[in-house]
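Position 1 is the first residue of the sequence; numbering continues from there. All values below were derived from every heavy atom in this structure, side-chain atoms included, with hydrogens, water molecules and symmetry-related copies excluded. Everything numeric in this text was worked out from a predicted model, so none of it was measured.
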Amino acid sequence: MDKTDGQKGREQGQPSGPGFPYWGLLLGIVTALMINGLIFPRVGGNRIVPTDYGTFISKVDSGLVKAVVIEDSQILFRAGTADGKSDTTYRTGAVNDPRLVERLAGAESPNKDGKILFTSKTKQENSALLNFILWWLLPCVLMIMLWRSAGKSLKARMGGTGNFMSFGNSGARIYAESQIKTTFADVAGQEEAKDALMEIVDFLHNPGKYRAIGATLPKGALLVGPPGTGKTLIARAVAGEANVPFFSISGSEFVQMFVGMGAAKVRDLFKQAGEKAPCIIFIDEIDAIGKKRENSIGGNDEREQTLNQLLTEMDGFDGTKGVVILAATNRPESLDKALLRPGRFDRRIQMELPDLEGRKAILNVHLKKVRHSDIDLDLVARATSGSSGAEIANIVNEAALRAVRTGRGSVTTEDLEESVETVMAGAQRKGKVISDREKKIVAYHEIGHALVAALQTDSAPVHKITIVPRTSGALGYTMQVDSGDQVLMSRAELLCRLATLTGGRAAEEVICGTVTTGASNDIEQATRIARAMVTRYGMSEQYDMMELETMDNAYLGGDTSLSCSAETAAEVDKVVLGMIREAHEKARELISANEDVMHEAASFLLEKETITGEEFMNILHRHCHPQGQ
């Protein structure tokens, strides 16, 4: 039978029940009554009747007054009735009467000595210590007790898992070994990274053979690579293969508003890990706390204290216990050098974008999760050049969704091809209305790209041409697919790429006699390639192998900054312009010499809206044979 939350709370030594702090409320009421009794005491236990001073004197002269208490601002007296059956306590205002004492001392009285008993009280101020206790210390103690009682009650209602007032908790998500189902079989396209991490898994399984030779377990491994390459996935796979607990936390969770809280979280994380060793700690986006410490005054004290505590903890724990730290980042160049030294992060594991074979393996992993027919993996893998594992997973899912939309029960190669275009250029905008004139310009623009690419030997083959608008804003595009992966690109290949990019604008100029805004993306790409050739690749005669530009955050798109004088930067602009102008002129010449191909291919594209590279090459071969330029 399942236990209720109240039973679980009692087993863990936590309060159960509704959770409202009744005892705290009762204590507050009692204390308030005590304070009220101390500050506002009552005289006797009788009801006090107000009266005037004349009545008081009359009763004194009549011998009915039995006792008098003279205070600073009032007079309290007890008087009986003529028959002596009852007494009443009266209160009257104090009057400056110099004969009052003589009257009380000499008047007739029922007392045996003939005098009325009277006393005089002077109001005394509380001491400073008593005032502090009553008005400051006692309320603060009561508030703290009520606050703690409410926190315990809330924690009990949450089954003992509440985080109320738990400022020092690390906040890490802890997965038991039985909860981690991910293994290296679920990670594809990162064989080198798996080989590097397999040794850690083997050490956790068989530490004896490593200790026998004197080897120790690497304390930490830093996973570095672009987003989507599977850094978090492979960290979980290490825990799944090793069958040990897995602590997962993001670097941003250590960053707190109060100085010292992040360091407390680090201490708590390593304390928990030590208790559950052997285990794996995974810190995602470690650059949030591991950035280089600043030399200037006024840096981020909280982040630096957290980093210092992390460095201390990594130095302090025993590597023989089997606690391994895995961390992931997209910005390794921003990390503090003290964090990267051996003894802390002993290994740096690169998680690069998958190559052709890696993309095939990733496609196989994700296609196992969907129903599919025969898939041309080579074609799809070549079409996804430069894609990460996460993007490929999204492509497979988009293909499955497309198969459902079209009413088919399995995914086909066509679905995958369309999903590649959907992920890269957006979904088709079939309802977008484009005039015949604009559609004709778009068709000649795309055929211009394809023709210039096909007429050059150092250019990737044309795979597809379309003038179907996409949600990304593209009115059409020409897809080129290489036969394999290229690690290096020569100067000739980059110049061919420049000419291909300028082919669309050249076709508008030569065939349509106009220029449009459709070449904006081409201009952006051509300028970026030409500038990189001059400033970073050393492919210009003017500057030889001189570095003129630096790049930061290479895994996040790259932020470039010039490292040259303003005069040199102006000269670089001239060189870049010259390279683009030369490529543009080359494209115009190729299109002018093959206008008949342009007209036939554009007419065919306007009719079909989408044609394959093979159909385009058939048209080209009927008129000429491509040759190097």
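- F616 CZ to H463 NE2: the interatomic distance, rounded to the nearest 0.5 Å, is 14.5 Å.
- We find that R382 and E357 are not joined by a salt bridge, their nearest charged nitrogen and carboxylate oxygen being 4.0 Å or further apart.
- In this structure, I434 and P469 have side chains that are in contact, with non-hydrogen atoms separated by less than 4.5 Å.
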**Message:** salt bridge (charged side-chain N to carboxylate O under 4.0 Å, His left out) for R470 and E418? Distances and angles first, verdict last.
**Reply:** CA-CA 12 Å; R470 295 277 174 171; E418 177 61 29; 3.1 Å; yes

**Prompt:** Can you list the steps and then say if E285 with S250 is a side chain to side chain donor-acceptor pair (under 3.5 Å)?
**Reply:** CA-CA 6 Å; E285 305 297 345; S250 172; over 6 Å; no

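- Counting heavy atoms from C-beta on, the side chains of C564 and Y543 never come closer than 4.5 Å.
- Within the structure, salt bridge (Lys or Arg N to Asp or Glu O under 4.0 Å) pairs that include any residue of residues 184-193 comprise E191-K194 (at least two apart or interchain).
- Side-chain contact check for L269 versus F254: some heavy-atom pair is nearer than 4.5 Å.
- Across A288 and G251, no two heavy atoms sit closer than the pair CB-C, 3.7 Å.
- Residues D287 and L335 approach most closely at CA-CD2, 3.6 Å, considering heavy atoms.
- In terms of the ring-ring contact (aromatic ring centres under 6.0 Å, His included) criterion, residue partners of H599 (sequence neighbours excluded) are, by chain and number, Y444.
- E398 pairs with exactly one of V396, N394, I395 by the side-chain contact (heavy atoms from CB on, under 4.5 Å) rule, that one being N394.
- In this structure, R402 CZ and T412 OG1 are separated by 6.5 Å, a value rounded to the nearest 0.5 Å.
- Two residues are said to be in side-chain contact when any heavy atoms from C-beta on lie closer than 4.5 Å; K292 and S334 fail this criterion.
- Within the 4.5 Å cutoff, the side chain of F247 has no heavy atoms near those of the I280 side chain.
- The number of heavy-atom neighbours closer than 6.0 Å to CZ of R437, taken from other residues, nucleotides and ligands shown, is 12 or below.
- M539 CE to D544 CG: the interatomic distance, rounded to the nearest 0.5 Å, is 12.5 Å.
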**Item:** salt bridge (charged side-chain N to carboxylate O under 4.0 Å, His left out) assessment of K219 paired with D346
**Value:** CA-CA 7 Å; K219 288 187 177 181; D346 302 283; over 6 Å; no

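- Note that the CG atom of L416 and the CG atom of L379 stand 9.5 Å from one another [nearest 0.5 Å].
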**Request:** Verify side-chain contact (heavy atoms from CB on, under 4.5 Å) between I349 and K231, making sure each step is shown before the conclusion.
**Result:** CA-CA 10 Å; I349 300 173; K231 297 182 289 295; over 6 Å; no

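- With a 4.5 Å cut-off on side-chain heavy atoms, R359 and T384 count as touching.
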**Message:** The test is side chain to side chain donor-acceptor pair (under 3.5 Å); show your working for H623 and E600 and say whether it passes.
**Reply:** CA-CA 10 Å; H623 294 271; E600 183 177 347; 2.5 Å; yes

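- Side-chain atoms of E595 and V510, non-hydrogen and from C-beta on, do get closer than 4.5 Å to each other.
- To the nearest 0.5 Å, atom CG of residue D415 and atom CZ of residue R405 are 9.0 Å apart.
- Scanning all heavy atoms of the two residues, the minimum distance from L204 to A242 falls at CD1-CB, 3.6 Å.
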**Message:** Would N618 and E614 count as a side chain to side chain donor-acceptor pair (under 3.5 Å) here? Give the steps.
**Reply:** CA-CA 6 Å; N618 289 336; E614 183 179 356; 4.8 Å; no

**Asked** Could you walk me through whether E547 and Y537 pass the side chain to side chain donor-acceptor pair (under 3.5 Å) check?
**Response** CA-CA 8 Å; E547 183 190 55; Y537 303 149; over 6 Å; no

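- When all heavy atoms of G290 and L339 are compared, the pair lying nearest together is CA-CD2, 4.1 Å.
- Taken from CZ in R236 to CD1 in I180, the straight-line distance is 4.0 Å, to the nearest 0.5 Å.
- Between H449 and V452 there is no side-chain heavy-atom pair separated by less than 4.5 Å.
- Salt bridge annotation for E589-K586: absent, with no cationic side-chain nitrogen under 4.0 angstrom from a carboxylate oxygen.
- Under the 3.5 Å distance criterion, with hydrogens and angles disregarded, no donor-acceptor pair is assigned to the side chains of Q190 and E352.
- Of all heavy-atom pairs spanning T610 and K464, the tightest one is CG2-CE, 3.3 Å.
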What side-chain donor-acceptor pairs closer than 3.5 Å can you find for residues 572-584, not counting sequence neighbours?
| unit_1 | atom_1 | unit_2 | atom_2 | d |
| --- | --- | --- | --- | --- |
| D573 | OD1 | R531 | NH1 | 3.4 |
| D573 | OD1 | R531 | NH2 | 2.8 |
| H584 | NE2 | E509 | OE1 | 3.0 |
| H584 | NE2 | R588 | NH1 | 3.0 |

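- The pair K291-D336 does not count as a salt bridge, with every side-chain nitrogen at least 4.0 angstrom from each carboxylate oxygen.
- Shown here is N206, whose CG atom has more than 12 heavy atoms of other residues, nucleotides or ligands within 6.0 Å.
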